[in-house]
Structures are given as C-alpha cells and as structure tokens.
Asker: 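Mind having a look at this structure? Questions to follow.
Whatever order the structure lists ligands and atoms in, that order sets their numbers, starting from 1.
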Amino acid sequence: MADYQVRLINSATSLDCTITVPGDRYILEIAIESGIRLPSGCGQGECSACVAKLLSGEVDQNEQKFLRPSELAAGYAVTCVAYPLSDCTLQTHQEQVLYPSSLYVSPPKAQPD
Ligand code: FES
C-alpha cells in the first residue's frame, strides 16, 4: 500500500502541516497520532465534526454516512473515514462553513444571572 503526503491547512488556526498517510489508514487517525489537534466526534463518518474540504487530490470516503451527494461533489470530506488515494491538500475545520446552524457549533447561549 502506498504512502501519500497529506497537507492539512487552515489559516484561522495557523495550521499548515504535511503528514505521511498510508493508503490504508484514515487521515484523521494519522493526524491525531502526529499530534495535530483537529475537530473530531463520532469517528465513524456519521457526524460533521471532522469535515474538511479537499482542495487537491483524491480520497476514498465510501464509509462515510453523513455528507450529501452535493456536499461530496463540492469537495467536502469526512476525514475520520477518509483514506488518501493520492497526495492531497485538505482545508480543515469546515463544519462551521458547511453547517452554520449546526447544534454542534452554535455558540453557548448566555445564561441569565
Ligand atoms: S468525527 Fe464524526 S464523521 Fe468524523
């Protein structure tokens, strides 16, 4: 199985790291093992916590169960169940971009005194 260079970027968090990911390992799993702090949740492709946008390259995310076809076509990827198929670049922290009204990312409501 080939290894691929996966670049993870996000200007808001000053993230720009390239990791080597074997083609039979999940991108998020290797990122976490490499000490990169990324959003994660279910770890099974069933939520939107780990969503990134694929800027270049290809991934296999056939195990994901959350993204709609239109979101997949737009390049969004669920990194917890995404295997690289080539060297690729992913823009991380895309849940808030994809789902601005998501309960996962709503800011905490102010509590009355
Ligand atoms: S952490 Fe839930 S889909 Fe990746």
Asker: So if I count the atoms of ligand 1 from 1 in the order they appear, which ones are less than 4.0 Å from some heavy atom of Gly41?
Answerer: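 Heavy-atom distances to Gly41 below 4.0 Å select 1 (S).
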Asker: Can you list the atoms of ligand 1 that are under 4.0 Å from a heavy atom of Cys42?
Answerer: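 Here the atoms of ligand 1 in question are 1 (S), 2 (Fe), 3 (S).
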Asker: Checking side chain to side chain donor-acceptor pair (under 3.5 Å) for the pair Glu63/Tyr83: CA distance, chi angles, key distance, verdict?
Answerer: CA-CA 10 Å; Glu63 297 171 25; Tyr83 303 101; 2.9 Å; yes
Asker: Under 2.8 Å from atom 4 (Fe) of ligand 1, can any N, O or S atom of Cys50 be found?
Answerer: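 True for Cys50.
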Asker: If you measure from each non-hydrogen atom of Gln64 to ligand 1, which part falls under 4.0 Å: side chain, backbone, both or neither?
Answerer: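 The answer is neither; Gln64 stays 4.0 Å or more away.
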Asker: Check whether any side-chain heavy atom of Lys53 sits under 4.5 Å from a side-chain heavy atom of Tyr76, and report yes or no.
Answerer: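 They are in contact (side-chain heavy atoms under 4.5 Å apart), so the answer is yes.
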Asker: At what distance, to the nearest 0.5 angstrom, does SG of Cys88 lie from CG of Leu55?
Answerer: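 So the gap between those two atoms works out to 9.5 Å.
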Asker: Would Cys80 count as a contact for atom 4 (Fe) of ligand 1, in the sense that one of its N, O or S atoms lies under 2.8 Å from it?
Answerer: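 Within the cut-off used here (under 2.8 Å), Cys80 does place an N, O or S atom near atom 4 (Fe) of ligand 1.
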Asker: Just checking, any donor-acceptor pair under 3.5 angstrom between side chains of Thr18 and Gln5?
Answerer: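 No, no side-chain donor-acceptor pair sits under 3.5 Å.
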Asker: Relative to the heavy atoms of Glu46, which atoms of ligand 1 are at a distance of less than 4.0 Å?
Answerer: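 Close to Glu46: 3 (S).
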Asker: Distance-only, no hydrogens or angles: does the Gln64 side chain make a donor-acceptor pair with backbone N or O of Leu67 under 3.5 Å?
Answerer: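 Here the side-chain-to-backbone pair exists.
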Asker: State, yes or no, whether a side-chain contact exists between His93 and Leu38 at a heavy-atom distance under 4.5 Å.
Answerer: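 Yes, at least one pair of side-chain atoms sits under 4.5 Å.
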Asker: With atoms numbered from 1 as shown, which atoms in ligand 1 lie under 4.0 angstrom from a non-hydrogen atom of Val78?
Answerer: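 Those of ligand 1 that fall under 4.0 Å from Val78 are 3 (S), 4 (Fe).
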Asker: Taking only heavy atoms of Gly45, which atoms of ligand 1 are found under 4.0 Å from at least one of them?
Answerer: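 It comes down to these atoms of ligand 1: 3 (S).
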